[in-house]
Student: 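Dropping a structure here in structure tokens format, bear with me for questions.
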Amino acid sequence: MLTPLFMLCIYTFVFGFVFKSRWSGTDDSASFGEFAVILFSGLIVFQLFSEVINRAPMLMIANANYVKRIVFPLELLVPVALGSALFHLGVSLIVLLVAVILVFGGIPWTALLIPVVLLPFSLVILGLSWFLASLGTYVRDIGQILGTITMALMFTSPIFFPASVLPEWVRPWLALNPLFVPVDQIHNIVVFGKLPDFAALGLYALLSIVIAFLGYWWFQKTRKGFADVL
């Protein structure tokens with residue numbers, strides 16, 4: 001709970017007080033309180049992604065005994081890391097829903113669709129994490145650059161700005177960011193009470209299955225050399 005709340009305080013201070021940012025894209029700009037809630041809803045999605053992805057390259061190294069000494073389904077280490085992050089997300093969602101009640105006066109019924117957004121997002125995280133867990137075992141330095149990459153993904157996702165303010169020609173390129181669709185849809189269903197964009201979400205779900213399959217396949221293909229490297 002403390003990590004996303006700390007991030008919320010820092011980013012709200014910087015963008016809300018220093019840069020005087022407000023959530024635009026509609027007829028009226030959102031108030032400061034609304035901006036903070038919208039910002040928080042995007043940050044907790046980013047935190048889920050960042051927590052698992054940044055941890056993935058060190059999973060095999062940190063659990064070397066499972067790799068070298070016993071027979072263990074190593075692929076389960078990634079879902080365990082994701083499960084831990086999802087628990088943290090659940091705690092943050094409770095804080096978010098309380099904030100939505102305080103600022104907007106109630107929780108929209110569309111918030112029930114949160115699992116519809118998080119399921120394909122979790123599959124993307126699983127696929128990327130399986131790939132990074134394998135790659136990080138062989139290339140130890142990969143973890144050093146992931147922090148910069150995840151930070152770049154955060155600032156190119158609609159956490160600090162609505163997707164509607166972007167030029168039409170930019171949106172398809174930024175949509176390649178794995179955070180773009182989940183953050184945008186969480187804003188819609190939790191904060192604004194809108195139905196998700198089922199077309200974008202459906203395409204994202206199909207791609208998430210492909211990414212999860214390819215990540216798992218790569219992990220199983222390369223796991224034979226883990227013990228030798230470690």
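One-based numbering along the sequence shown. What you see below is based on every heavy atom in this structure, not just the backbone, and it leaves out hydrogens, waters and symmetry mates.
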Student: His187 vs Ile38, test: side-chain contact (heavy atoms from CB on, under 4.5 Å). Steps then yes/no.
Tutor: CA-CA 7 Å; His187 284 162; Ile38 297 168; 3.7 Å; yes

Student: Heavy-atom distance under 4.5 Å between the side chains of Val98 and Leu102, does that happen here?
Tutor: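 Yes, close enough: below the 4.5 Å cut-off.
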
Student: Between Val52 and Ser129, what is the shortest heavy-atom contact and its length?
Tutor: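 Looking at all heavy atoms of both residues, the closest pair is CG1-OG, 3.3 Å.
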
Student: Determine yes or no for a side-chain-to-main-chain donor-acceptor pair under 3.5 angstrom, with Ser134 supplying the side chain and Phe131 the backbone.
Tutor: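 Answer holds: no.
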
Student: So, taking the atom named CG in Leu132 and the one named CG in Asn54, what distance separates them when rounded to the nearest 0.5 Å?
Tutor: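 So the CG of Leu132 and the CG of Asn54 are separated by 9.0 Å.
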
Student: Does any pair with a residue in residues 84-106 pass side-chain hydrogen bond (donor to acceptor under 3.5 Å, both in side chains), and if so which ones, sequence neighbours excluded?
Tutor: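 Matches after skipping sequence neighbours: Glu51-His88.
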
Student: Please check if the side chain of Ser50 supplies one atom and the backbone of Gln47 the other of a donor-acceptor pair under 3.5 Å.
Tutor: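 No, Ser50 side chain to Gln47 backbone: no donor-acceptor pair under 3.5 Å.
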
Student: Within the distance-only criterion (no hydrogens, no angle test), does the side chain of Tyr204 pair as donor or acceptor with the backbone N or O of Pro178 below 3.5 angstrom?
Tutor: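 At least one qualifying donor-acceptor pair exists.
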
Student: What distance do Leu76 atom CG and Leu59 atom CG have between them, rounded to the nearest 0.5 Å?
Tutor: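 Rounded to the nearest 0.5 Å, the CG-CG separation comes out at 12.0 Å.
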
Student: Kindly indicate whether the side chain of Val183, heavy atoms from C-beta on, has any atom under 4.5 Å from the side chain of Ile186.
Tutor: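 Of all side-chain heavy-atom pairs linking Ile186 with Val183, none is under 4.5 Å.
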
Student: Got a second to check how far Leu96's CG is from Ile101's CD1, nearest 0.5 Å?
Tutor: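 Nearest 0.5 Å value for the CG-CD1 distance: 10.0 Å.
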
Student: Is the count of non-hydrogen atoms from other residues, nucleotides or ligands lying under 6.0 Å from Tyr138 atom OH greater than 12?
Tutor: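 Atom OH in Tyr138 is packed in, count exceeds 12.
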
Student: With clusters built from Ile, Leu, Val, Met, Phe, Trp and Tyr whose side-chain heavy atoms come within less than 4.5 Å, directly or transitively, what are the remaining members of the cluster of Leu206, listed by chain and number?
Tutor: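 Hydrophobic cluster check, Leu206: no partners found.
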
Student: To the closest 0.5 Å, what do you measure between CG (Leu39) and CD1 (Ile159)?
Tutor: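 If we round to the nearest 0.5 Å, Leu39:CG and Ile159:CD1 are 7.5 Å apart.
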
Student: Is there a side-chain contact (heavy atoms from CB on, under 4.5 Å) between Glu34 and Val191 once you walk through the steps?
Tutor: CA-CA 9 Å; Glu34 292 171 343; Val191 180; over 6 Å; no

Student: Please round to the nearest 0.5 Å and tell me the distance separating atom CG of Leu86 and atom CD1 of Ile125.
Tutor: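 If we round to the nearest 0.5 Å, Leu86:CG and Ile125:CD1 are 7.0 Å apart.
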
Student: Do you know the tightest heavy-atom contact between Thr156 and Phe180?
Tutor: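 What the structure gives for the nearest pair is O-CD1, 4.0 Å.
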
Student: Do Val190 and Ile114 have side chains that approach each other closer than 4.5 Å (heavy atoms only, starting at C-beta)?
Tutor: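 Result yes, sub-4.5 Å side-chain heavy-atom pair found.
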
Student: Before we go on, tell me: are the rings of Phe104 and Phe192 under 6.0 Å apart, centre to centre?
Tutor: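 No, ring centres 6.0 Å or more apart.
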
Student: Evaluate side-chain contact (heavy atoms from CB on, under 4.5 Å) for Phe160 paired with Phe155, printing each intermediate quantity in order.
Tutor: CA-CA 7 Å; Phe160 304 100; Phe155 282 107; 3.7 Å; yes

Student: In the structure I gave you, are the side-chain heavy atoms of Pro196 and Leu113 within less than 4.5 Å of one another anywhere?
Tutor: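 Yes, close enough: below the 4.5 Å cut-off.
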
Student: What is the distance from atom CG of Leu123 to atom CG of Leu82, rounded to the nearest 0.5 Å?
Tutor: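 Those atoms lie 9.0 Å apart.
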
Student: Does the side chain of Phe49 reach to within under 4.5 Å of the side chain of Thr150, using non-hydrogen atoms?
Tutor: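 Sidechains of Thr150 and Phe49: in contact.
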
Student: Please list, chain by chain and in numerical order, all residues satisfying side chain to side chain contact (heavy atoms under 4.5 Å, CB included) with Gln220, sequence neighbours excluded.
Tutor: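 Residues passing side chain to side chain contact (heavy atoms under 4.5 Å, CB included) with Gln220: Glu75, Tyr216, Arg223.
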
Student: Determine whether Leu195 and Asn188 satisfy the following criterion, side-chain contact (heavy atoms from CB on, under 4.5 Å), listing intermediate values before the conclusion.
Tutor: CA-CA 7 Å; Leu195 288 172; Asn188 284 337; over 6 Å; no

Student: Just to verify, which of Tyr66, Phe219, Phe72 counts as forming a ring pair (Phe, Tyr, Trp, His ring centres under 6.0 Å) with Phe226?
Tutor: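 Option passing the ring pair (Phe, Tyr, Trp, His ring centres under 6.0 Å) with Phe226: Phe219.
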
Student: Do the non-hydrogen side-chain atoms of Pro108 and Val100 ever get within less than 4.5 Å of each other?
Tutor: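 Pro108 reaches Val100 side chain to side chain.
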
